[in-house]
Number of protein chains: 2
Amino acid sequence: MTVKPLFEVTRMTPEHGQPVAQEADVAVPVAGIQQLLAALQDPVRLEMVRRLVGAGGEAQCKNLYDGIGKSTAAHHFKILREAGITERLTVDGTIHQRLRSDDVAQAAPGLLDAVIGAAQRQAE
Amino acid sequence: MTVKPLFEVTRMTPEHGQPVAQEADVAVPVAGIQQLLAALQDPVRLEMVRRLVGAGGEAQCKNLYDGIGKSTAAHHFKILREAGITERLTVDGTIHQRLRSDDVAQAAPGLLDAVIGAAQRQAE
DNA sequence: CGGTAGGTTCGATGTACGTCGAACCCCTAC
DNA sequence: GTAGGGGTTCGACGTACATCGAACCTACCG
């Protein structure tokens, strides 16, 4: 196996200093409806998305889960990213996840709202 | 193992004669959002639902799938039924599946429309 | 009556996936 | 420099699930 770059797209600016936020994983297209549903179907991932909307669409990874190991969380982040639901971006040195609400809404209009709404209502 | 009734809820009217359609599985509540997504996530089941809407919300089982065995299809029907997405009813002697659009819309407003819409658009 | 078509159940099999621990990387702070 | 926190990757393991064939049931038709 040839050595793979750690972050396929994300590029950390070595520029020291001021809080820099940059785009990441911009090339990843939103997946088809089946993959979207498969991504949102898992309780852990649905909770992650729920917390993301609660946080205004963006949050640090560690704030998006409880009760599971870091490696498991990273696994779920990857699935959400590959489905085009979230993207990874680096804010001020730490990695954040951002909900790609607009992109998903364009690929599947109303889907995210319906899912979030139902999940929210279900959690009282 | 004690003998179980073949159809838990459905009751075939032995009344000979005229086309009779009757309610079935009315007691099954629509499941939570995760179970709904899990049910719709499978390609085979999504296609079944797609064909159901194409058929006006109701169709004979055999018209809802291709390329899989009857037992596999029955398995998928069961999952859709247990999620509250479809119900089984007997029309004129043969079993039909009916989309519980209204019930699902009440449990998860907009979900079914979004999923169907995306699936339809994706299939051109 | 016997046969066929449409559906379901059961049991077995293979694979996909969620989970974890360990090792590693990047960045920041001491 | 040396820790240490935050995230990711890589196996490995266990379970859940989609698939099938066989047996069975019901309704219908010859």
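- For A:Arg88 and C:dC26, the shortest distance from a side-chain N or O to OP1 or OP2 is not below 4.0 Å.
- Nearest to the side-chain atoms of A:His76 among the listed nucleotides D:dA18, C:dC20, C:dG18 stands C:dG18.
- Contact annotation: the side chain of B:Leu80 approaches that of B:Met48 to within less than 4.5 Å [non-hydrogen atoms, C-beta and beyond].
- Considering only side-chain N and O atoms, B:Arg45 lies nowhere under 4.0 angstrom from the phosphate OP1 or OP2 of D:dC17.
- Salt bridge annotation for A:Arg98-A:Glu87: present, with a cationic side-chain nitrogen under 4.0 angstrom from a carboxylate oxygen.
- When the nearest nucleotides of DNA chain C are assigned to A:Ile79 and B:Asn63 by heavy-atom distance, the more 5′-ward of the two goes with B:Asn63.
- Residue A:Ser71 has its side chain nearest to C:dA22 when only D:dG7, C:dA22, C:dT8 are considered.
- The side chain of A:Ala74 has D:dT8 as its nearest neighbour among C:dT8, D:dT8, C:dG7.
- Rounded to whole Å, atom P of C:dC17 lies 19 Å from atom CZ of A:Phe77.
- For C:dG7, neither phosphate oxygen OP1 nor OP2 lies less than 4.0 angstrom from any side-chain nitrogen or oxygen of B:His75.
- Summarising the geometry, atom CG belonging to A:Leu40 is positioned 11.5 Å from atom CG belonging to B:Leu40; distances are rounded to the nearest 0.5 Å.
- Between the NZ atom of B:Lys62 and the C1' atom of D:dA27 there is a distance of 15 Å, given to the nearest Å.
- If you check C:dG6, D:dG6, D:dC20 against the side chain of B:Thr72, the one that comes closest is D:dC20.
- Rounded to a whole Å, the CD atom of A:Glu82 is 11 Å from the P atom of C:dG18.
- In this structure, A:His96 atom NE2 and C:dC26 atom P are separated by 19 Å, rounded to whole Å.
- A donor N or O paired with an acceptor N or O is found under 3.5 Å between the base of D:dG7 and the side-chain atoms of A:Lys70.
- Rounding to whole angstrom units, CD1 of residue B:Ile95 and C1' of C:dT9 are separated by 13 Å.
- One interatomic measurement links the two molecules: CD of A:Gln35 to P of C:dA16, which rounds to 15 Å at whole-angstrom precision.
- Atoms CD1 (A:Ile68) and C1' (C:dG21) sit 14 Å apart, rounded to a whole Å.
- In this model, no donor atom of one side chain and acceptor atom of the other lie less than 3.5 Å apart for A:Arg88 and A:Gln97.
- Rounded to an integer number of Å, the gap from NZ of A:Lys78 to C1' of C:dG18 is 14 Å.
- For B:Thr94 and C:dG6, the shortest distance from a side-chain N or O to OP1 or OP2 is not below 4.0 Å.
- Between B:Gln60 and C:dA5, a side-chain N or O to OP1/OP2 separation shorter than 4.0 Å is absent.
- B:Val44 places none of its side-chain heavy atoms less than 4.5 Å from the side chain of B:Glu47.
- Mapping A:Tyr65 and A:Gln41 onto DNA chain D via the closest heavy atom, the residue that lands nearer the 5' end is A:Tyr65.
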